[in-house]
Amino acid sequence: MPDVSHHQRTQASQPAKLPQGLDAIAHSVAGALGSRVSLRALRDEAMQIQSQSEEFQDVRDSELAQRMKFLREAFRRRGSGAKPYEAEALALTVEAARRKTGLKAHLEQIMGALAIHRQCLVEMATGEGKTLTIALAAVGLGWTRHPLHIITANDYLAARDGKSLRKFYEFCGVSVAYVTGGMVSDERRTSYEASVVYTTAKEVAADFLRDRLALGVFADSGRRIIRQLLQRRGSPADRIVQRGLHTAIVDEADHAMIDEAVTPLIISRQVPNDSLLEAARTAHQLVSDLEDRKHYKIDALHKEIELTRTGKDYVIPRIARLPGIWQGQQRGQDLVLQALQAREFFHAGQQYVLSEGKIVIVDESTGRLMPQRTWSDGLHQAIEAKEGIEVSSPSATMARQSFQRFFRLYRHLAGLTGTGREAASEFWHIYNLPMVCIPHHRKCERRELPDRIFATEKRKWDAVAREIVDRHKRRQPVLVGTRSVESSEHLAGLLAGHRIHFSILNAKRDAEEAGIVARAGQEGKVTIATNMAGRGTDIVLGKGMCALGGLHVIATERHESRRVDRQLFGRTARQGDPGSAQAFVSLDDELMRRHLPESVRSGIQSLIAANPASASLVGSAAVRFAQRSSERMAYQQRRSVLRNDTKLDESLGFTTEA
């Protein structure tokens, strides 16, 4: 007989259709009202669990393990029907964590673990202990023996948590492993056999797509069973690495499920195309004499370029004399526009870095290198031609999946974030995740100072440097957040002139980030970091730093999303420590250039020059307008991806199994 258990190795849920029209309105109302989890009820239950866990403190390890063995069997047999045992299971887990990690879970962490079991999106402030919260929830979910994937922000965190929590999980009778980018197929297959797997969204989604490619038509378990009946030989499922998608806990959920939602994960292979490579070089040469406003117009808001009449008169005759791929006027103009986009919108140190003669994309949300990614449709080749390096062969797409759709394939989904409330309605609408905001364990003592607004970038950077120098003289630790590698290097040059010792952390120095960020709270320390580098790493204040005001965070410009600003400011004043934060903004910043009309920016610059006292009030209003405009655009882009996913479901009937 065929092994029918093989069907579990490709198990995934079919995403439900999103409600439309009146159904969508009713669904939104349910999200705003009916889906809310009562914080009071959550706190009451957590208090009972905390009290019960204290009763286990005098119980011997062997007795504790025996009781957990009984509960493990109950969870395995009953699955979702094991709710009556949930409180005792969490109480035992809390005590096990105290013994094996030295960490005593506080009430708010237990509340967070309960909310994860309720399949919620949990907002816990930075520094409140999300790592332990996830582990507490993961034990009971791991006991069910269903695949459990804990999605972390990067490979470093996946490996760190998978290793550091191993003794705790093993004491609870749960196997744990991790999957990172450098692993080969056999290592991945072994890791996915564990009850709890720490990994990243990129790795788990890529493995899912590769498994589907390996199975082909046999992704449907029914076909595999029929094949085994007829041919009586190994199942195609033996070739895959995962054992299905069932439960996921997503850390930094706002980044993975909102910011990265529109980024498609693509499995591709390089396809030689000499004509395209030569066309990329030719296009770069062709646009070298084109001038902004004379030959083309730039739409900074939508990042689009349009040839003017003068530009077309210049380009079209030259295209007509070119052979091969240039034949066809529109195709030729598309290549020209792509070369212009590469020149105007993609810059070394911002959207990418040059490493060993190759273009390496930088994630603009995190400042992190993404060496395995390339831009599609010839854009990557256009940028390589612009930089004068070897132009690589283009890639042919073999499989494609948006992260937004991928997360909806899980039967049970929960997430944690430090900044989720701004996107609460979106989490509910797309993922059916109700929002629960867990209160601080200790009162937050962070002081957020008013934005400082400047007419030009030069004045802003000079002011940032002066602020760092002043605080450094007082020996107060300072963490400076920048938007790009280029900005961090520019600030480093300014500080070098003041003879200040500093640490710099950007996409070029990714491997060192955890150690650098961990030391950012020490006396006199100045740390420059791109955006949210070092996520998941605690910044502990040095001795005597509380008296100096704690860690001071400087944002060197406002981000397109208010959530990312909150993430940066959340690096200070953790767990009741003092701290402060302030943003420095210029009207030349990318946010302002993209989302404020030129006439409005010029008017505000003139007003600030005539009346500097008005800068804070007028400038802050302009920042709020620009951020809201950016957030609306990003939301519409995600909605567009969602519509495309829905069309794909309807037209292709993506093979999944309930």
- Item | Reported OG1-to-CD1 distance for the pair Thr133 and Ile438, which is rounded to 0.5 angstrom | 8.5 Å
- Message: My understanding is that only residues two or more places apart in sequence, or in another chain, count here; which of them pass side-chain hydrogen bond (donor to acceptor under 3.5 Å, both in side chains) with Thr456?
- Response: none
- Note on the structure: One should read off an interatomic distance between Arg632 CZ and Gln637 CD, to the nearest 0.5 angstrom, of 15.0 Å
- Note on the structure: In this structure, CD1 of Ile359 is separated from CD1 of Ile383 (nearest 0.5 Å) by 6.5 Å
- Look at the aromatic rings of Trp375 and Phe346 and report parallel, tilted or perpendicular, splitting at 30° and 60°. perpendicular
- Does a side-chain N-to-carboxylate-O contact under 4.0 Å join Lys458 and Asp462? yes
- Hey, are the side chains of Val469 and Ile500 touching, using non-hydrogen atoms and a 4.5 Å cut-off? yes
- Determine whether the side chains of Gln404 and Tyr431 contain a donor N or O and an acceptor N or O closer than 3.5 Å. no
- Message: Main chain of Gly181, side chain of Asp155: is a donor-acceptor contact present, judged purely on distance under 3.5 Å?
- Response: yes
- If you take all heavy atoms of Ser586 and Glu457, which pair is closest and at what distance? OG-CG, 3.4 Å
- Stepwise salt bridge (charged side-chain N to carboxylate O under 4.0 Å, His left out) test for Glu45 and Arg118: CA-CA 13 Å; Glu45 192 172 351; Arg118 307 287 192 274; 2.7 Å; yes
- How about Leu551 and Met545: do any of their side-chain heavy atoms sit closer than 4.5 Å? no
- Query: Do the rings of Phe584 and Phe454 sit parallel, tilted or perpendicular, given the 30° and 60° boundaries?
  - Reply: parallel
- Supply the atom-to-atom distance Ser38 OG to Asp44 CG, rounded to the nearest 0.5 angstrom. 7.5 Å
- Kindly indicate, with the supporting measurements, whether the criterion salt bridge (charged side-chain N to carboxylate O under 4.0 Å, His left out) is fulfilled by Asp251 and Lys130. CA-CA 8 Å; Asp251 195 9; Lys130 291 193 286 291; 5.1 Å; no
- Item | Verdict with supporting geometry, Lys460 and Thr556, side chain to side chain donor-acceptor pair (under 3.5 Å) | CA-CA 8 Å; Lys460 178 190 74 173; Thr556 56; 5.3 Å; no
- Item | Arg563/Glu422 ion pair, N-O < 4.0 Å | no
- Query: Do Arg593 and Glu598 pass the salt bridge (charged side-chain N to carboxylate O under 4.0 Å, His left out) test, and can you show the C-alpha distance, the side-chain angles, and the key distance before you say yes or no?
  - Reply: CA-CA 7 Å; Arg593 285 188 284 105; Glu598 179 67 32; over 6 Å; no
- Is the count of non-hydrogen atoms from other residues, nucleotides or ligands lying under 6.0 Å from Lys303 atom NZ greater than 12? yes
- Query: Side chains of Phe625 and Val623: closer than 4.5 Å at any heavy-atom pair?
  - Reply: no
- Message: I'd like to know if Glu123 pairs up with Arg421 as an ion pair, taking the criterion as any Lys NZ or Arg NE/NH1/NH2 lying under 4.0 Å from an Asp or Glu carboxylate oxygen.
- Response: yes
- If only atom types and distance count, is the side chain of Gln567 paired as donor or acceptor with the main-chain N or O of Thr419 below 3.5 Å? no
- Query: Does the side-chain contact (heavy atoms from CB on, under 4.5 Å) test come out yes or no for Glu467 and Arg452, once each step is laid out?
  - Reply: CA-CA 11 Å; Glu467 181 74 9; Arg452 294 185 62 184; 3.9 Å; yes
- Message: Is any side-chain heavy atom of Phe502 closer than 4.5 Å to one of Leu491?
- Response: no
- Query: Passes side-chain contact (heavy atoms from CB on, under 4.5 Å), Leu449 versus His552? Steps please.
  - Reply: CA-CA 10 Å; Leu449 305 175; His552 181 66; 4.1 Å; yes
- Item | For Phe427 against Met435, the heavy-atom pair lying closest together | CD1-CE, 4.5 Å
- From the list His440, Arg442, Glu445, side-chain contact (heavy atoms from CB on, under 4.5 Å) partner of Gln575 resolves to Arg442
- Crowding at CZ, Arg474 (>12 non-hydrogen neighbours, <6.0 Å): yes
- What distance separates Lys202 NZ from Thr180 OG1, expressed to the nearest 0.5 Å? 9.5 Å
- Item | Note, Leu165 side chain near Tyr198 side chain (heavy atom, < 4.5 Å) | yes
- Query: Will you find, in the side chains of Glu108 and His441, an N or O donor that is under 3.5 Å from an N or O acceptor?
  - Reply: yes
- Message: What verdict does the side-chain contact (heavy atoms from CB on, under 4.5 Å) test give for Glu187 and Val179, after you've listed the backbone C-alpha separation in whole Å, the side-chain angles of each residue and the deciding distance to 0.1 Å?
- Response: CA-CA 8 Å; Glu187 292 175 305; Val179 174; over 6 Å; no
- Query: Do the side-chain N and O atoms of Thr417 and Asp254 include a donor-acceptor pair separated by under 3.5 angstrom?
  - Reply: yes
- Message: Under the criterion side-chain contact (heavy atoms from CB on, under 4.5 Å), I'd like the reasoning laid out for His501 against His472: C-alpha separation, chi angles, the key distance, then a yes or no.
- Response: CA-CA 10 Å; His501 178 73; His472 183 66; over 6 Å; no
- Query: Any chance CZ of Arg594 has more than 12 other-residue heavy atoms, nucleotides or ligands included, within less than 6.0 Å?
  - Reply: yes
- Message: Looking at Leu301, I want to see if its CG is surrounded by more than 12 non-hydrogen atoms of other residues, nucleotides or ligands under 6.0 Å.
- Response: yes
- Query: So, are Arg601 and Asp588 salt-bridged, with charged N and O less than 4.0 Å apart?
  - Reply: yes
- Donor-acceptor pair, Arg43 side chain versus Met111 backbone, under 3.5 Å? no
- If every non-hydrogen atom of Cys546 is compared with every non-hydrogen atom of Leu541, which pair is closest and at what distance? SG-CD1, 3.9 Å
- Message: Within the structure provided, determine whether Leu416 and Val250 are in side-chain contact (heavy-atom separation under 4.5 Å).
- Response: no
- Task: Please determine if Lys167 and Glu170 form a salt bridge, counting it only when a charged side-chain N lies under 4.0 Å from a carboxylate O.
- Result: no
- Task: If a pair satisfies side chain to side chain donor-acceptor pair (under 3.5 Å) and one of its residues is in residues 617-628, list it, with sequence neighbours excluded.
- Result: Asp565-Gln627
- For Asn154 and Tyr156, indicate whether the former's side chain and the latter's backbone hold a donor-acceptor pair under 3.5 Å. yes
- Taking all heavy atoms of Pro477 and all of Ala520, pick out the closest pair and write down the distance. CB-O, 3.3 Å
- Message: I'd like to know if the side chain of Glu489 reaches the main chain of Glu486, judged simply by a donor and an acceptor atom lying under 3.5 Å from each other, with no hydrogens or angles considered.
- Response: no
- Query: Considering residues, nucleotides and ligands other than Arg447, do more than 12 of their heavy atoms fall under 6.0 Å from its CZ?
  - Reply: no
- Nearest heavy-atom approach of Ala138 to Ile150 is CB-CD1, 3.9 Å
- Under the salt bridge (charged side-chain N to carboxylate O under 4.0 Å, His left out) criterion, do Asp577 and Arg446 qualify, and how do the steps go? CA-CA 8 Å; Asp577 286 339; Arg446 181 171 57 249; over 6 Å; no
- Message: According to ring pair (Phe, Tyr, Trp, His ring centres under 6.0 Å), does anything in residues 111-132 pair up with another residue at least two apart or in another chain? List the pairs.
- Response: none
- Task: Provide the closest heavy-atom pair for Gly112 versus Met124 in the form atom of the first, atom of the second, distance.
- Result: CA-SD, 4.5 Å
- Just how far is it from atom CG of Leu90 to atom CG of Leu136, taken to the nearest 0.5 Å? 6.5 Å
